[in-house]
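Given the structure is predicted, the values throughout are model-derived calculations rather than measurements. First the proteins, then the strands, lettered A, B, ... as listed; each starts at 1.
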Amino acid sequence: MREVMVQYLQHRLLRWFDENQRVFPWREARATKYQQIVSEILLQRTKAETVARYYDTFFSKYPDWEALCGATLEELEEVMRPLGLYRHRARRLYKLTEDLRRRGGQLPGDANELRDSGFVGLYVTNAFELFILRNRKPLLDVNMSRLLKRYFEPGDFIDVRFDKEVQELANDIIEVRRCKELNWAILDYAALVCRKRNPLCGECVLNKYCKYYAQSRERSDQSGRGEHEAG
DNA sequence: AAGCCGGGGCT
DNA sequence: AGCCCAGGCTT
């Protein structure tokens, strides 16, 4: 049954993605490796739509690695202030430029090298592998975590970083040819349909097998009226 | 495992 | 006025 659910989710979300995907500049073919990596740092704990609005402000000021390497820490803080988390992000980007200078302008060759340079965590490392090295890796964030948790095993939410179950699910689910697209599909679907608040379970293309949907149906049946809480 | 960072958009 | 957001680091 687990395998049926996995294949159903992969198939349904890829099909949904082809019709309903969100359009972002960092996803387009003309986005450089530099833009792809830096964008992941801009996206941390920040709405994708917010980053999309801010995108040109940042990349017109720092169009490539060379421009970024010329920036001071104070400059970076100032530029990223409207985005929030600006001190952390500025420090991270600054460490990134230091790391680049050390290796003579070359990007890390593998994920271990990236982690060792000490300015990113698991999420950005996976993004680096997925987009730059073209390995099959999950963009496992709160959104993917919520979607997988609801679909496969609704229950208490644990921090993604300590939830081995969700990590294994995420690694299983992205084993498809269109791995990058499926990752984006999950993020988009979690943002638009499988939302944290008020998920649109009624029109969800996964609700045939979704455990969370089944549970909420039972609850609303027992309550007598058609009301159902989201949560 | 919990606290903290953070401005801005959405409800 | 409160909640939330493509995480990661410190305690």
Polar atom pairs (N or O), protein with nucleotides 7-11 of chain B, under 3.5 Å:
residue, atom, partner, partner atom, Å
dG7(B), O3', Pro82(A), O, 3.3

salt_bridge(Arg22(A), Glu49(A)) N-O dist < 4.0 Å: yes
Check Asp188(A) with Arg27(A), please: is the shortest side-chain N to carboxylate O separation under 4.0 Å? yes
Using a cutoff of under 3.5 Å, can you pull out all pairs of nitrogen or oxygen atoms linking the protein to nucleotides 9-11 of chain C, with atom names and distances?
residue, atom, partner, partner atom, Å
dC9(C), N4, Arg161(A), NH1, 2.4

Euclidean distance, atom [atom1] of residue [X] to atom [atom2] of [N] [Å, nearest integer]:
X         : N      : atom1 : atom2 : answer
Leu42(A)  : dC5(B) : CG    : P     : 20 Å
Leu140(A) : dG7(C) : CG    : C1'   : 11 Å
Ile41(A)  : dG8(C) : CD1   : P     : 9 Å
Leu147(A) : dC5(C) : CG    : P     : 14 Å
Asn183(A) : dA6(C) : CG    : C1'   : 10 Å
Tyr123(A) : dG7(C) : OH    : P     : 6 Å
Arg89(A)  : dG7(C) : CZ    : C1'   : 9 Å
Asn126(A) : dG7(C) : CG    : P     : 13 Å

Aromatic ring pairing Tyr55(A)/Phe59(A), orientation class (parallel under 30°, perpendicular over 60°, tilted between): tilted
Does Gln44(A) place a side-chain N or O at less than 4.0 Å from the phosphate oxygens OP1/OP2 of dA6(C)? no
Mark yes when over 12 heavy atoms from residues, nucleotides or ligands other than [X] sit less than 6.0 Å from its [atom1]; otherwise mark no.
X         : atom1 : value
Arg195(A) : CZ    : yes
Glu66(A)  : CD    : no
Arg101(A) : CZ    : yes
Gln215(A) : CD    : yes

Would you indicate what [X] reaches in the nucleic acid, counting non-hydrogen atoms under 4.0 angstrom: base, sugar-phosphate, or nothing?
X         : answer
Leu122(A) : sugar-phosphate
Leu139(A) : nothing
Val124(A) : sugar-phosphate

May I ask you to check whether Tyr151(A) and Tyr213(A) place their ring centres under 6.0 Å from each other? no
Are Trp26(A) and Tyr54(A) close enough that their ring centers fall under 6.0 Å? no
Between Arg146(A) and Asn143(A), is any side-chain donor less than 3.5 angstrom from a side-chain acceptor? yes
Work out how far the [atom1] atom of [N] is from that of [M], and round it to whole angstrom.
N      : M      : atom1 : result
dG3(B) : dA6(C) : P     : 22 Å
dC4(B) : dC3(C) : P     : 16 Å
dA1(C) : dG6(B) : P     : 24 Å

